[in-house]
Student: 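Pasting a structure here, questions to come.
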Amino acid sequence: MLIKKTDDIKSSEITDEPLYFNRRNFLRGAVLAATTTATGWLYKSLTAQSQVTQTTDKIATVTSQSTGLLPNDKPNSFEEITHYNNFYEFSTSKQGVAPVAKNFVSRPWSVEVTGLANKPKTFDLDELIKLGQPEERIYRHRCVEGWSMVIPWVGFPLHKLLKEVEPLANAKFVEFVTVVDPTQMPNQRGTEVLSWPYVEGLRMDEALHPLTLLATGLYGQTLLPQNGAPLRLVVPWKYGFKGGKSIVKIRLVETQPRTTWSSENPREYGFYSNVNPTVDHPRWSQATERRIGEFGRRDTLMFNGYGEQVASLYEGMDLRKFF
Amino acid sequence: MKEEIGFIKFVVFVNALVPLVLLGYDAYYHRLGANPLEFFTWTTGTLTLVFLLISLAVTPLRKMLGLPWMVKLRRMLGLYAFFYGFLHLLAFLWFDKSFNLSAASADVFKRPFIAVGMLGFFLMVPLAITSTTGWVKRLGGKNWNRLHKLAYLSGIAGVIHYYLKVKTDTRIPLLFGAVLLGLLVYRILNKYAPQWTQRQPARAQR
């Protein structure tokens, strides 16, 4: 478009206002306004960036422990932790989980602990959370996709629950089965995304490790649906997907369970999935990660920086083979 | 409509900038979510494919609808695809590789999805360069048309790149692939059975 400088136009040449806003220009303006509004609306609705403000109940914690936290680890904000989630049952968009999950009802809730145990038992949630005093644990969280956060979880170590049911000697693995509820979880209405339920598993010694947490909250509040309400697993030295969300069943078994991601794509996701900067995902490097809130990438630490506590579990194992 | 082509081009030009303006606006006000860099990369990548497919849809649409003037929008739409593709590549090189070009090229050789994406982008480079009227004349319409069939290859590379990137939910890449396939099928039909695929432009006088 050519825009003339004002001094070039004689005042006699300036069109009268009523004529200037003639029908054609009006229509053109309307077309421009209508199409850009429509384009903008389309863009916004396809990229869904909605923020959901939610609050939950406070949890009175007894201790706060920041095991293995490094000087440059700052907890991510509540906003970040609750609006950037991988929870495929609700949505495969990390920003899209919070709005879809916001009305998820997780009460009443019970967890069946079954399998190779002396005293298998179905716990009501209120009974279960009394098994351990709620502790705050500030852990690094490393996603297999190459991003990470620092999250102040609230929960208690899984071993307290396992001790309650008395595992038998031949219970070598623990399987975690998560909720199936297609009425509340849209992606469970088909199997295009994954096959349901989402199942995860740990070796018994991993499950009994003091760092392994059953989380019921974060930032001193009960969990929001997008973070795995009412109860989820947190295994800080493994990739995030190992931590099953909204758990309904825990089975003690003798053989290694078939877990969701490693069945879906055995070449890319192993049963162990320990954070390991030296073993790349076939499609991307695991050597670095983007800490949410930071611009550059930082180096990924072996066992997500928890090597001192957990490396002994894997002594003598080829971690390239058992990735 | 034909006499309004200048205005229509302006409308398309402004509309194609709307996503970028909103992206910039949201970035300025920190509304791109918890991982703004990933969001920017994802959005510009998606826009590249969207504009590539729209530019490839121009010919089928103008033939089916009998609106020959639509061809005048094609260059701009194709250049927008190139522009968003450039932003997408820049985001990868800057945010993910900090402009460490040796690390970036190592990635190209190691990771098929990045290699295919790069291929898709670099196939657009000669098309962007030869998009001017001068180049059409220099190459001759026939050669120019032949060269610009590369846009289809670029689109195929883009769809494969997207498909390889997602972890499991392949619905959106498959949707893009279906649209691209539809456009290719149209081209084949148009070659062998144009009576099915074209509407004759209305005669001006009788």
Side-chain angles (χ1 to χ4, degrees), chain A residues 1 24 27-28 31-32 34-44 46-49 51 76-77 79-86 88 91-96 144-147 149 187 192-194 241 260-261 264-265 268-269 280-285 287-288 290 292-297, chain B residues 3-4 6-23 25-27 29-43 46-47 50 94-100 103 106-107 110-116 161 163-172 174:
Chain A
M1 281 212 313
R24 167 168 267 195
L27 275 176
R28 284 181 164 187
V31 166
L32 202 57
T35 54
T36 49
T37 307
T39 308
W41 175 84
L42 189 66
Y43 168 84
K44 277 288 177 187
L46 292 177
T47 55
Q49 289 284 302
Q51 298 283 319
N76 281 90
S77 70
E79 192 61 37
E80 286 166 334
I81 298 169
T82 56
H83 285 82
Y84 195 71
N85 312 96
N86 271 320
Y88 279 13
S91 166
T92 53
S93 146
K94 286 184 275 293
Q95 289 87 354
V144 72
E145 296 168 348
W147 55 269
M149 290 194 191
N187 278 347
E192 296 90 356
V193 174
L194 284 174
F241 72 87
T260 298
W261 278 108
E264 178 79 15
N265 196 335
E268 297 190 349
Y269 308 99
D280 282 350
H281 185 281
R283 285 182 283 149
W284 54 83
S285 163
T288 63
R290 175 170 297 130
I292 296 303
E294 291 180 358
F295 190 84
R297 294 178 76 92
Chain B
E3 53 283 0
E4 287 286 357
F7 175 65
I8 293 172
K9 275 170 111 167
F10 179 68
V11 168
V12 173
F13 179 82
V14 172
N15 272 280
L17 270 181
V18 165
L20 186 67
V21 169
L22 290 176
L23 197 55
Y25 180 85
D26 285 343
Y29 287 102
H30 301 285
R31 285 190 201 140
L32 292 183
N35 195 345
L37 306 179
E38 180 196 56
F39 183 83
F40 183 90
T41 311
W42 179 83
T43 305
T46 309
L47 287 168
V50 166
W94 185 5
F95 306 157
D96 286 349
K97 300 288 151 201
S98 313
F99 291 119
N100 180 346
D107 250 10
K110 220 167 157 190
R111 328 239 170 249
F113 96 86
I114 292 177
V116 177
H161 169 67
Y163 183 86
L164 290 177
K165 170 71 183 127
V166 298
K167 279 203 297 187
T168 171
D169 190 357
T170 52
R171 287 173 293 188
I172 300 173
L174 287 178

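Just so it is clear, the values below take in all heavy atoms, side chains as well, and ignore hydrogens, waters and symmetry mates. Letters A, B, ... are given to chains in the order of the sequence lines, protein chains preceding strands, and every chain is numbered from 1.
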Student: Could you give the distance from CD1 (B:Ile8) to OG1 (A:Thr35), rounded to the nearest 0.5 Å?
Tutor: 11.0 Å

Student: Relative to chain B, which segment of A:Ser285 carries a heavy atom at a distance below 4.5 Å: side chain, backbone, both, or neither?
Tutor: both

Student: With a 4.5 angstrom heavy-atom cut-off, is it the side chain or the backbone of A:Glu80 that approaches chain B, or both, or neither?
Tutor: both

Student: What part of A:Val193 gets closer than 4.5 Å to chain B, counting heavy atoms only: side chain, backbone, both or neither?
Tutor: both

Student: If you measure from OG1 on A:Thr47 to CG on B:Asp26, what distance do you get to the nearest 0.5 Å?
Tutor: 7.5 Å

Student: Quick one: CG on B:Asn35 to CH2 on A:Trp147, what's the gap to the nearest 0.5 Å?
Tutor: 8.5 Å

Student: Identify which part of A:Asp280 has an atom lying under 4.5 Å from any heavy atom of chain B, answering side chain, backbone, both or neither.
Tutor: side chain

Student: Give, as side chain, backbone, both or neither, the part of A:Asn76 having an atom under 4.5 angstrom from any heavy atom of chain B.
Tutor: neither

Student: Is it the backbone or the side chain of A:Trp284 that comes under 4.5 Å from a heavy atom of chain B, or both, or neither?
Tutor: both

Student: Can you tell me which portion of A:Arg28 sits under 4.5 Å from chain B's heavy atoms? Options are side chain, backbone, both or neither.
Tutor: both

Student: Of all of B:Val18, B:Thr168, B:Thr43, which one pairs up most often with chain A through heavy atoms under 4.5 Å apart?
Tutor: B:Thr168

Student: Where does B:Val166 contact chain A at under 4.5 Å (heavy atoms): side chain, backbone, both or neither?
Tutor: backbone

Student: Check the surroundings of atom CZ in B:Phe113: do more than 12 heavy atoms from other residues, nucleotides or ligands lie under 6.0 Å from it?
Tutor: yes

Student: Just by modelled atom types, is the B:Phe95 backbone N or O under 3.5 Å from a matching donor or acceptor in the A:Arg290 side chain?
Tutor: yes

Student: A:Arg283 side chain to B:Leu164 main-chain N or O, any donor-acceptor pair under 3.5 Å?
Tutor: yes

Student: Within a 6.0 Å radius of atom CZ on A:Phe295, are there more than 12 heavy atoms belonging to other residues, nucleotides or ligands?
Tutor: yes

Student: Of the backbone (N, CA, C, O) and the side chain (C-beta and beyond), which part of A:Glu145 lies under 4.5 Å from a heavy atom of chain B, both, or neither?
Tutor: side chain

Student: Could you tell me whether B:Glu38 and A:Lys94 make a salt bridge, using a distance below 4.0 angstrom between a side-chain N and a carboxylate O?
Tutor: yes

Student: So, taking the atom named CG in B:Leu174 and the one named CD in A:Glu192, what distance separates them when rounded to the nearest 0.5 Å?
Tutor: 11.0 Å

Student: Heavy-atom distance under 4.5 Å to chain A: side chain of B:Asp107, backbone, both or neither?
Tutor: neither

Student: To the nearest 0.5 Å, what is the distance between CG (A:Leu32) and CZ (B:Phe10)?
Tutor: 5.5 Å

Student: Tell me which one of B:Leu22, B:Val14, B:Leu17, B:Asn15 satisfies side chain to side chain contact (heavy atoms under 4.5 Å, CB included) with A:Thr39.
Tutor: B:Asn15

Student: Do you know which of B:Lys110, B:Arg171, B:Lys165, B:Lys97 has the most heavy-atom pairs under 4.5 Å to chain A?
Tutor: B:Arg171

